[in-house]
Structure formats: C-alpha cells, structure tokens
Amino acid sequence: MIKLLLKNIKQIANAMIRFLTAGESHGKELTVIIEGLPSNLSVNKDDIDIELARRQSGYGRGMRMKIEKDEIEITSGVRYGRTLGSPLTMKITNRDFENWQEKMSVSPLKNRAEKITIPRPGHADLTGTFKYNYDDIRNSIERSSARETAARVAVGAVAKILLNSFDISVGSFVESIGGIYPADSALKNMLQRFDPELMHIKDLSNIADQSDVRVLEKKQEERIIRKIRQAKKNGDTLGGTMIVAAEGVPVGLGSFVHYDRRLDAAITFAIMSINAIKGVEIGAGFESADKPGSEVHDEITYDGYSFGRKTNRAGGIEGGISTGLPIIIRAAMKPIATLMSPIESVDLKTLKPVDARRERSDFVAVPACAVICEAMTAWTVADFFLQKFSGDSMEDIKSSYAAYKIRLQKQLRRF
Ligand code: EPS
C-alpha cells in the first residue's frame, strides 16, 4: 500500500515534458530526445537553427566555433511540420569529429591517443576522473564540455515555439563581462528597479543580438572588447553576468505547496545546471537582503480592470508562483577554465607540481551562455505552463488556457 502511494506521489511530481541529451564534445554528434510535447505544434527547423547560430556567436570564442556550423536534423516526432505527440528527436553533427575519429573511436584501437594526465583547475578534469575511475582525463573532458549546451539550445528553441503560441517570450542580454558594467545611468536604473514598464525583453534581446558581446550599450561594448583582447594577450579568460527574462507568463504557474513545485526553485536549478554558472538571482536577489521590506516588496494596485504592481523587484515570482509580471533572472558565469598562461596543477602520472594543461578553447563565452540561459528558462516555463494547462494537443491546451483566463475574471465576484 505504502509502496503504491509513493509510486503515485512520484508520478504526480513528474514534469510534463522531459528531455535527454547525449553526445561527447568531439564525438560524432549530439542527440536530444524531447518527450511529452503536445501534438499539432508547428515546428520549423529554421527557427531552431537561428537559436543555435545565436549560441555560436560572440567575441572571444575559440577556433572550434569556426569549424562548427550547428544545425538540427529532426529524425522523429514531427510530420508535415507539426508535432505528433510522440518523442521528438534532433541531431546536431559535430563537424570537428572528422579530425577526432581516432581519438574518439568507439571501438578499441591498438594505437590509442596519448592519455591526458594533467587536470585543469576549474574544469571537471579532476573531479570526473576520480568519480568515474578514469585513467585518461580526456574521458572527463568530453561530456563535461559546454558543447552539450548546443543540444539544450535546440530543446529551448522548441520550448520557445510553444511559449510563443501563448504570447510568452524569453530573451536575454549580457550585463557585464570582466567586471565592466554599463555606464549609462538609465540602463543601470532599469536593471536595479526591474521596472516592468521599461523591460521589454524581446526588444532588449534583439538589440543585444546586434552586439558582438550581447550588451546594450556601445561604449560598454568597446570597453569589453578591449578587455577581452588584453585577457587573450595575457593568456587569460573572463566571466560575466547576464539578465534573462520571460514576459507574458500568466499569473499562477508554480506553487508553494511543495519545494519541487516552486517556479523560482525550478528556474534556478535549470540555470545553475549550465556549465560555469556560479550564481543565480531572481529579481532583486541578493540586493533585497540589504534593504528594509518597504523598499523590497512590490506594492499592489488595481485600476478598475486588473491588478498591477508598482515595481517588480520580486522578479515575477511570489510564493513560488508567477505573478504575471516579467520573470527576471540574473546569472553569473565564472571565467573559462582553460588558460593559455596556466595556473598550478599536479600531473597524475608523476604526482609532481606542473602547469595546468593548455588546449584549444574559448576566452569568453558569456554571450553564448546568455542564450543557453534563455533556453533553460524557456524549457522550465514551458514545463510549468503545461503542468497547469495540460492537454494532448495544442487545441486542448489553448482551450484550457482560455477557460483559466475567464475564471480569473470571474473570481473577484466571490469576495
Ligand atoms: C569547451 C572547449 C572548446 C569550446 C567548447 C567548450 O571546445 P574545443 O575543446 O573543441 O576547442 O569551443 O564549446 C563548444 C564546442 C561549443 O559548441 O560551445 C570546453 O572545454 O568546455
């Protein structure tokens, strides 16, 4: 009886949609399977490829991005441009595999590639090697590489297509790289107040897409590019912060009833799961800890038709539930772990101190990371949206959403 009960509880807490990615950084390809999508969602390959191209751009990427030109091939779950409700599979070819066929051979080889024995601090080289009992750090490098995030961006693109059907948009921009923040006080003010009137994330995201480092301010862009050039010259790398937002999310996604139903918890988990992310905030985040409640909470207003808030410092979520205002996330990415002027490490073979291993890598990947944050945000919001407005087809979900909007209007009569 208890066993049965536990089984049911687990089922209830399951997400509506789930995905799995597979593939090594220099293996043949990346594969992703999405399960739980409704039928009759129009899916266009080009819309997904645009997101992949956004992830590949940005000043400070390494040579690998010149080799790859990511695009998806859909191999299941879609017929005549519309989802079937069955698992949707997408593949992304690693063009670089051509140069790695022996190093990444699936079959055993007599003359295997030389083993990597010197771990880079900050990457998964050492932790993964201990955990999986590897005798070659290459085994850790391959799957821990941020190459995997290409598959996640493809998943996020599908989530965005679904959300767009309900006028929900997700976008991002880079706030800082290497400690260089915008100088413009209006921009700073907007970031600090998270003002819903000033934040139209799609417009901001489009402006950011025009910048080589996905920032909103030209002067800041110039300063950042100079700083990246200097870091490159020094054999160093840089991190940064980014803002991601979801607009048009209705009130009522997520819940306070249990920890794993909280929308803010799910979003921060999803963002923190991205390679090199070290911090995530919702709304005013850490800053709200330093201020009195009167300067943190968002005053409630009513204009005769609908409810509003004077500010959006909560970042669109209260009590684990979406408020209807933009969901605003700020994330911090640490600098890339591969340094051309390496810091200290220990050779696992000789156990002697040595310089950490150098290898081809990016110098800065914050602009790409912002696009990946969008993907994980879109995925999480889509999942919570489908938990609330579940249905087997897009038509069923649309009816459920329309009925909810009517119910919200009628509810006030009950007070
Ligand atoms: C990465 C190292 C670099 C990056 C890679 C992530 O790859 P490589 O070792 O082939 O030069 O370019 O990112 C991607 C391949 C990508 O698509 O984003 C790492 O070690 O994490």
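In listed order, ligands and their atoms are each counted from 1.
Separation of the Y401 and F385 ring centroids falls under the 6.0 Å cut-off.
Under a 4.0 Å N-O distance rule, the pair R143/E24 does not qualify as a salt bridge. A salt bridge links R309 with E318: the distance from a Lys NZ or Arg NE/NH1/NH2 to an Asp or Glu carboxylate oxygen falls below 4.0 Å. Between E222 and R226, no side-chain nitrogen of the basic residue sits less than 4.0 Å from a carboxylate oxygen of the acidic one, so the salt-bridge criterion is not met. With respect to the salt-bridge test (charged N to carboxylate O, under 4.0 angstrom), the residues D347 and K352 do not qualify.
The protein non-hydrogen atom at the shortest distance from atom 5 (C) of ligand 1 is S145 OG, 4.0 Å. Given atom 17 (O) of ligand 1, the protein heavy atom at minimum distance is R55 NH2, 2.6 Å. Counting protein heavy atoms only, atom 11 (O) of ligand 1 is closest to R360 NE, 2.7 Å. Atom 21 (O) of ligand 1 has A146 N, 3.1 Å as its closest protein atom, hydrogens excluded (heavy atom only). Atom 20 (O) of ligand 1 has as its closest protein heavy atom H123 NE2, 3.0 Å. Remark: minimum distance from atom 14 (C) of ligand 1 to any protein heavy atom is reached at M65 CE, 3.6 Å. In this structure, atom 2 (C) of ligand 1 lies nearest to the protein heavy atom S361 OG, 3.7 Å. If you check which protein heavy atom lies closest to atom 15 (C) of ligand 1, you get R147 CD, 3.3 Å.
Considering only non-hydrogen atoms, atom 4 (C) of ligand 1 lies nearest to D362 out of I141, D70, D362.
Considering backbone and side-chain N/O atoms, R61 comes within less than 3.5 Å of an N/O atom of ligand 1. Looking at ligand 1, you won't find any N or O of T149 less than 3.5 Å from one of its N or O atoms.
Taking every heavy atom of H26 and a limit of under 4.0 angstrom, the matching atoms of ligand 1 come to 8 (P), 9 (O), 10 (O).
The side-chain heavy atoms of V32 and I72, taken from C-beta on, include no pair separated by under 4.5 Å.
Put simply, no part of G62 is less than 4.0 Å from ligand 1, judged by heavy atoms.
The cationic group of K232 lies under 6.0 Å from the six-membered ring centre of Y59 and within 45° of the ring axis, placing it in a cation-pi geometry.
Here the side chain of S57 pairs a donor or acceptor atom with the backbone of R54 at under 3.5 angstrom. A side-chain donor-acceptor contact under 3.5 Å links S145 to the backbone of R147.
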